[in-house]
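For reference, the structure discussed in these notes is given below.
First the proteins, then the strands, lettered A, B, ... as listed; each starts at 1. Just so we're clear, the structure is a prediction, and the values are computed from it rather than from any experiment.
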2 protein chains.
Amino acid sequence: MPSSSVPARAAVPVRIGTMESSSTTGGGTRREATRQKLYEAAVTLIAEQGFSATTVDEIAERAGVAKGTVYYNFASKSVLFEELLRHGVGLLTASLREAAEQTAREDGSRVDALDAMVRAGLVFIDRYPAFTQLYVAELWRTNRAWQSTLMVVRQQAVAVVEGVLREGVDNGEFSDEIDIQLTAAALVGMVLVAALDWKSFQPERSLDDVHAALSRLLQGRVSGKG
Amino acid sequence: MPSSSVPARAAVPVRIGTMESSSTTGGGTRREATRQKLYEAAVTLIAEQGFSATTVDEIAERAGVAKGTVYYNFASKSVLFEELLRHGVGLLTASLREAAEQTAREDGSRVDALDAMVRAGLVFIDRYPAFTQLYVAELWRTNRAWQSTLMVVRQQAVAVVEGVLREGVDNGEFSDEIDIQLTAAALVGMVLVAALDWKSFQPERSLDDVHAALSRLLQGRVSGKG
DNA sequence: GTTTTTGAACTGACCAGTCAGTCTAAAAAC
DNA sequence: GTTTTTAGACTGACTGGTCAGTTCAAAAAC
């Protein structure tokens, strides 16, 4: 309801300044660029406010596109969100796997692999803090449309950690009494919460610093004199 | 909007089992019972759906009271939520502090104190899983009305862990190179995520079982043969 | 007689999703 | 080379519905 009468006609469609033809990979990449802008806008807004409290109008505005464009590119608000989740966790999983494999290639121990994965996790969170926030906030909710997506995607990431633990047990490096699933969850939690604390409350600290603190904890070098 | 005719009369106000009046002055306990029902209804709904996606009508319905009653007892939806947060974290903090103090009274080591706190955390999460879920989901959000409440309340809980770590460093039980703040966050994260994983994905396991797994991790008994 | 609860209607803001129409660049027709 | 057509991308006013919060008289509880 506009406060008073309004032209209601676009009249002169102002040219949108620097569009610059986007280029990138020649063909239909304009669309892809728009989707990327929408992801970026959505991830920060939803991390700050939550899914339901974030409006499609806000997302469109921050991305610098019209609301209709959101619906031209995504079937709905929740589909946009789901694709965002899949995309983000895909990056994380790849990064963890890469860390584990590289350690294996260098004949490192499985503890080294865990340590490398801790670092990879920190690097990820350092790079995508908003995504991490949002992910944590949604992970344990029930009754949400994207629950199953989240489940699948979570399992992919945790499975990488579980795999390393299992290898360690198999080759005798870890006690065969450890509970793989629970230990993996605990390790993920350790990194997740420590990193979010870092980003939220002491962002000035360096990644190496944080990594060192977690390494110590991971390797049980807490007890006893330094 | 009931689909058809409905009793609509509360008739017998069922007393909630073991509520035991407790707080406030002896007088207005009827009101207190209503508030308690509203807390319980709100906590599960918000844990499942998030704050914004949960309507006041739903909360009232699940609590079995009229919508007007919600506003008779709380100034607004967010005030209800804020008081819920304060209440819940108060319980957790008390429980952690109790665990730490009891260990101290028994001349236990600081590792024992940490272990006791891990257990206290698990007991809490076992008892109030919905609250925990909701708390984690809101903790790292920014731009929310109750942000400052959350901050204060988080600090109270983490401070208990930090205190034990500090004592341990002071008496030489822990390395003086540990980063107290970060380590405390990591420990909290370890318990939190492992416990949520437990409740979400393997609820049939016993608390002792989960506690044992975390103890092992905490005491660095992961590496090496069992 | 005071406090608390009820129930149901109401308001006004807000918001997801729609749709008719615009823009543009490139292909097709001339 | 110029005009016309096509189709993909985008626009933004508009619709239909939802929901927080209000109101209040009457009933119930204490």
Side-chain angles (χ1 to χ4, degrees), chain A residues 1-24 26-38 42 45-46 49-61 63-81 145, chain B residues 1-15 21 24-38 42 45-46 49-61 63-81 145:
Chain A
M1 292 55 193
S3 47
S4 62
S5 75
V6 156
R9 189 58 55 80
V12 185
V14 183
R15 173 128 308 152
I16 306 179
T18 27
M19 206 40 233
E20 210 58 42
S21 81
S22 76
S23 62
T24 46
T29 322
R30 173 151 159 247
R31 189 147 191 221
E32 205 44 53
T34 302
R35 291 169 77 102
Q36 188 63 33
K37 279 194 292 184
L38 285 169
L45 285 168
I46 296 178
Q49 307 176 324
F51 176 82
S52 304
T54 300
T55 69
V56 174
D57 287 283
E58 281 177 308
I59 297 174
E61 190 189 346
V65 302
K67 187 179 190 177
T69 304
V70 176
Y71 286 94
Y72 181 75
N73 284 282
F74 297 96
S76 68
K77 184 185 172 187
S78 25
V79 167
L80 162 56
F81 184 56
Chain B
M1 301 71 195
S3 47
S4 63
S5 77
V6 155
R9 192 61 53 82
V12 185
V14 183
R15 181 126 298 164
S21 81
T24 58
T25 44
T29 317
R30 176 155 154 252
R31 197 160 187 213
E32 203 48 48
T34 301
R35 291 169 76 102
Q36 188 64 32
K37 280 194 291 184
L38 285 169
L45 285 168
I46 297 178
Q49 308 176 322
F51 176 81
S52 305
T54 300
T55 70
V56 174
D57 288 286
E58 280 177 311
I59 296 174
E61 190 189 344
V65 303
K67 186 179 185 178
T69 305
V70 176
Y71 286 94
Y72 182 77
N73 283 282
F74 296 98
S76 68
K77 184 185 171 187
S78 28
V79 167
L80 162 56
F81 184 56

field: Min side-chain heavy-atom separation A/Ile59-A/Leu80 under 4.5 Å
entry: yes
Rounded to the nearest 0.5 Å, how far apart are [atom1] of [X] and [atom2] of [Y]?
X: A/Thr54; Y: A/Gln49; atom1: OG1; atom2: CD; answer: 4.0 Å
X: B/Arg31; Y: B/Thr69; atom1: CZ; atom2: OG1; answer: 10.5 Å
X: A/Leu45; Y: A/Glu61; atom1: CG; atom2: CD; answer: 9.5 Å
X: A/Gln36; Y: A/Leu38; atom1: CD; atom2: CG; answer: 9.5 Å

Provide, to the nearest angstrom, the distance between the [atom1] atom belonging to [X] and the [atom2] atom belonging to [N].
X: B/Phe74; N: D/dT22; atom1: CZ; atom2: P; result: 15 Å
X: A/Lys77; N: D/dG17; atom1: NZ; atom2: P; result: 19 Å
X: B/Ile59; N: D/dC19; atom1: CD1; atom2: P; result: 12 Å
X: B/Glu32; N: C/dT4; atom1: CD; atom2: C1'; result: 13 Å
X: B/Arg31; N: C/dT6; atom1: CZ; atom2: C1'; result: 15 Å
X: B/Tyr71; N: C/dA8; atom1: OH; atom2: P; result: 18 Å
X: A/Ile46; N: C/dC15; atom1: CD1; atom2: P; result: 14 Å
X: A/Leu38; N: D/dA9; atom1: CG; atom2: C1'; result: 13 Å

On the nucleotide [N], are OP1 or OP2 found under 4.0 Å from the side-chain N or O atoms that [X] carries?
X: B/Tyr72; N: C/dT5; value: no
X: A/Asn73; N: D/dA9; value: no
X: A/Thr69; N: D/dA9; value: no
X: B/Ser76; N: D/dA20; value: no

When we call it a touch if two heavy atoms are under 4.0 Å apart, what does [X] touch: a base, just sugar-phosphate, or nothing?
X: B/Ser78; result: nothing
X: A/Lys67; result: base
X: A/Val65; result: sugar-phosphate

statement: On DNA chain C, more 5' by nearest nucleotide between A/Thr55 and A/Gly68 is A/Thr55
